[in-house]
Amino acid sequence: MDSPLAVFSSAGAGALLVAGTLYCLFAFLLGPVEKNSNPAVNLSGGSIAAGNVRDKYEFRRPKETVRVTDKVPDFVDTFYNLVTDIYEWGWGQSFHFSPPVPGKSDGEASKLHELMIVDLIGARPGDRILDVGCGIGGPMRTIAAHSGANVVGITINDYQVNRARTHNKKAGLDKQCDVVQGNFLAMPFPSNSFDGAYSIEATCHAPKLEEVYAEIFRVLKPGALYTSYDWITTEKYRPEEDAEIIQGIERGNALPGLRSYSDITAAAREVGFEVVRVRDLAREPTTARWLEVGRMTYWRNHVVITVLAALGNHIVVSVLAAVGVAPKGTVDVHEMLCKTAEYLTKGGEKGIFSPMHMILCRKPAEK
Ligand SMILES: C=C(CC[C@@H](C)[C@H]1CC[C@H]2C3=CC[C@H]4[C@H](C)[C@@H](O)CC[C@]4(C)[C@H]3CC[C@]12C)C(C)C
Ligand SMILES: C[S@@+](CC[C@H](N)C(=O)[O-])C[C@H]1O[C@@H](n2cnc3c(N)ncnc32)[C@H](O)[C@@H]1O
């Protein structure tokens, strides 16, 4: 008869094998939405050490909208440490929404949305273009590859800088695309040094829109164009009825307070821009992917994350550490994103919110 120890160790080995196999199945079958993106096995806390993710999340849990102006960039940085890997894994390398295009996949529609910027700001080969709040650089690579321009991106989050640089290199675009860590409210670039600029769903993180617009205005050459796709509340928004939805969107996306569509034009004019065109790109289509977010198969993604995190707590972690396991706290962050998606869907369905308010501005040419 086998000794109790031998039975225990063979049962333990069996359990490890089953857990390991399950883990690999989840990791490989439920890979990233985009080829070359982040597989679930790599979910991390960004620049936050794995052991500190839960503490950081607890500390930063978005209980309420953060409106204390000077704390916002730091809060946003922590937010992106927590969500960047989940975004990349579940959404792709471009952290924005896009209008659907009949006959095109979500990925193609997203690229077309990015390519429209090349036309809007007239980016040409050799131009120096600024990407304000560049994420991990999905849009930057599309724009550089199609226009031949050199793109410099800025993001507050160091982890995103590394991720963007890795992807730029893989795509063979590291000569054309540069990424720096910095605050877009005080950019480390000389005045009059860019031939064009754009921002996609990023300036909504600025506590005061005029401050980021003033910086963009400063670094653009006279006569250069800037376009932005931004999050706004529409004219249908009624604070008395809709405040809960809008606050849900703000909390779950680390926003200091959504602005109304009319604030965007006012801020651009205030810093000296000529407003060339304004349009809400979310208005016409009804089946946009961004409306579908709330209906996505959460349970599937949630199961993967829960299993990965549970395994992380288990003894198997020591065996699997070599491949990397989701840190504690990932489940909470994911749960928060599920709720956020519900609010986004509600806001979109009611037509009180748009993530695609487009403005095109020009820095006046010198007389
Ligand atoms: C512009 C911003 C981010 C916009 C979007 C890229 C993200 C907004 C909500 C995110 C998501 C919600 C649900 C997640 C899902 C539960 C998970 O399993 C997989 C990832 C999600 C789909 C995730 C992806 C990115 C978003 C759509 C803000 C921050 C200003
Ligand atoms: C939703 S993501 C969009 C990223 C990118 N534009 C895209 O479409 O993939 C918002 C980006 O804005 C950046 N951001 C927010 N506040 C910032 C700040 N104060 N300074 C620099 N970047 C900031 C974030 O780090 C993040 O990269």
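Just so you know, residue 1 is the first one in the sequence shown, and it goes up from there. Just so it is clear, the structure is predicted and the values come from calculations on it, not from any experiment. Whatever order the structure lists them in is the order used to number ligands and atoms, beginning at 1.
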Checklist entry - Can you find a pair of side-chain heavy atoms, one from His357 and one from Arg259, that are under 4.5 Å apart? => result no
Next on the checklist: Within the 4.0 Å heavy-atom shell around Phe95, which atoms of ligand 1 are there?
Outcome noted: 1 (C), 6 (C)
Checklist entry - At under 4.0 Å between heavy atoms, which part of Glu201 makes contact with ligand 2: side chain, backbone, both or neither? => result backbone
Next on the checklist: As an exercise, identify every atom of ligand 2 less than 4.0 angstrom from a heavy atom of Asn183.
Outcome noted: 18 (C), 19 (N), 20 (N)
Next on the checklist: So, regarding Ile156 and ligand 2 (criterion: nitrogen or oxygen to nitrogen or oxygen, under 3.5 Å), is there a contact or not?
Outcome noted: yes
Next on the checklist: Assigning hydrophobic clusters by single linkage (Ile, Leu, Val, Met, Phe, Trp, Tyr; side-chain heavy-atom cutoff under 4.5 Å), is Val76 placed with Val132?
Outcome noted: no
Checklist entry - If you measure from each non-hydrogen atom of Leu344 to ligand 1, which part falls under 4.0 Å: side chain, backbone, both or neither? => result side chain
Checklist outcome for this item: atom 26 (C) of ligand 2 has as its nearest protein heavy atom Gln160 OE1, 3.5 Å
Checklist entry - With a 4.0 Å cut-off on heavy atoms, is Gly182 touching ligand 2? => result yes
Item to check | Check: Phe273 ring centroid to Phe217 ring centroid under 6.0 Å | outcome: yes
Checklist entry - Would you call the rings of His205 and Phe79 parallel, tilted or perpendicular, where under 30° means parallel and over 60° means perpendicular? => result tilted
Item to check | Residue of the set Ile245, Ile246, Ile232 for which side-chain contact (heavy atoms from CB on, under 4.5 Å) holds with Phe353 | outcome: Ile246
Item to check | Side chain to side chain, Ser110 and His96, heavy atoms closer than 4.5 Å | outcome: yes
Checklist outcome for this item: Checking heavy-atom distances from atom 14 (N) of ligand 2 to each of Tyr159, Phe184, Phe95, the winner is Phe184
Checklist entry - Which of the listed options, Ser94, Ala202, Gly133, holds the heavy atom that is closest to atom 5 (C) of ligand 2? => result Gly133
Checklist entry - Side chains of Tyr343 and Glu244: do they bring a donor and an acceptor to under 3.5 Å? => result yes
Checklist entry - Got the closest protein heavy atom to atom 8 (O) of ligand 2, with its distance? => result His96 CD2, 3.2 Å
Checklist entry - Where's the contact between His205 and ligand 1, heavy-atom distance under 4.0 Å: side chain, backbone, both or neither? => result side chain
Checklist entry - So which protein heavy atom does atom 25 (O) of ligand 2 come closest to, and at what separation? => result Thr155 OG1, 2.8 Å
Checklist entry - Any idea which part of Cys134 is under 4.0 Å from ligand 2, heavy-atom wise: side chain, backbone, both or neither? => result backbone
Checklist entry - So Tyr226 and Tyr213, would you call those rings parallel, tilted or perpendicular, with 30° and 60° as cut-offs? => result perpendicular
Item to check | Pair Arg218 + Glu215, salt bridge at N-O below 4.0 Å | outcome: yes
Item to check | Any side-chain donor near an acceptor of the partner, Asn150 and Asp178, under 3.5 Å | outcome: no
Checklist outcome for this item: In this structure, atom 24 (C) of ligand 2 is nearest to the protein heavy atom Tyr80 CE1, 3.6 Å
Checklist entry - For ligand 2, is there an N or O atom under 3.5 Å from any N or O atom of Gly135? => result yes
Item to check | Side chain to side chain, Phe194 and Ile216, heavy atoms closer than 4.5 Å | outcome: no
Next on the checklist: Using a 3.5 Å cut-off on N or O atoms only, is Ile200 in polar contact with ligand 2?
Outcome noted: yes
Checklist outcome for this item: ligand 2 atoms nearer than 4.0 angstrom to some heavy atom of Pro139 are 7 (C), 8 (O), 9 (O)
Checklist outcome for this item: Nearest non-hydrogen contact to atom 14 (C) of ligand 1 from the set Thr345, Leu337, Asn253, Val333 belongs to Leu337
Item to check | Expected output: side-chain Glu108 to main-chain Ser105 donor-acceptor under 3.5 Å | outcome: yes
Checklist outcome for this item: Out of Trp91, Tyr343, Tyr80, Tyr87, the nearest non-hydrogen contact to atom 7 (C) of ligand 1 is supplied by Tyr87
Checklist entry - Of the backbone atoms (N, CA, C, O) and the side-chain heavy atoms from C-beta on, which set of Val76 has a member under 4.0 Å from an atom of ligand 2: side chain, backbone, both, or neither? => result side chain
Checklist entry - Short list, please: which atoms of ligand 1 are under 4.0 Å from a heavy atom of His96? => result 6 (C)
Item to check | Residue of the set Thr345, Thr234, Asp242 for which side-chain hydrogen bond (donor to acceptor under 3.5 Å, both in side chains) holds with Lys350 | outcome: Asp242
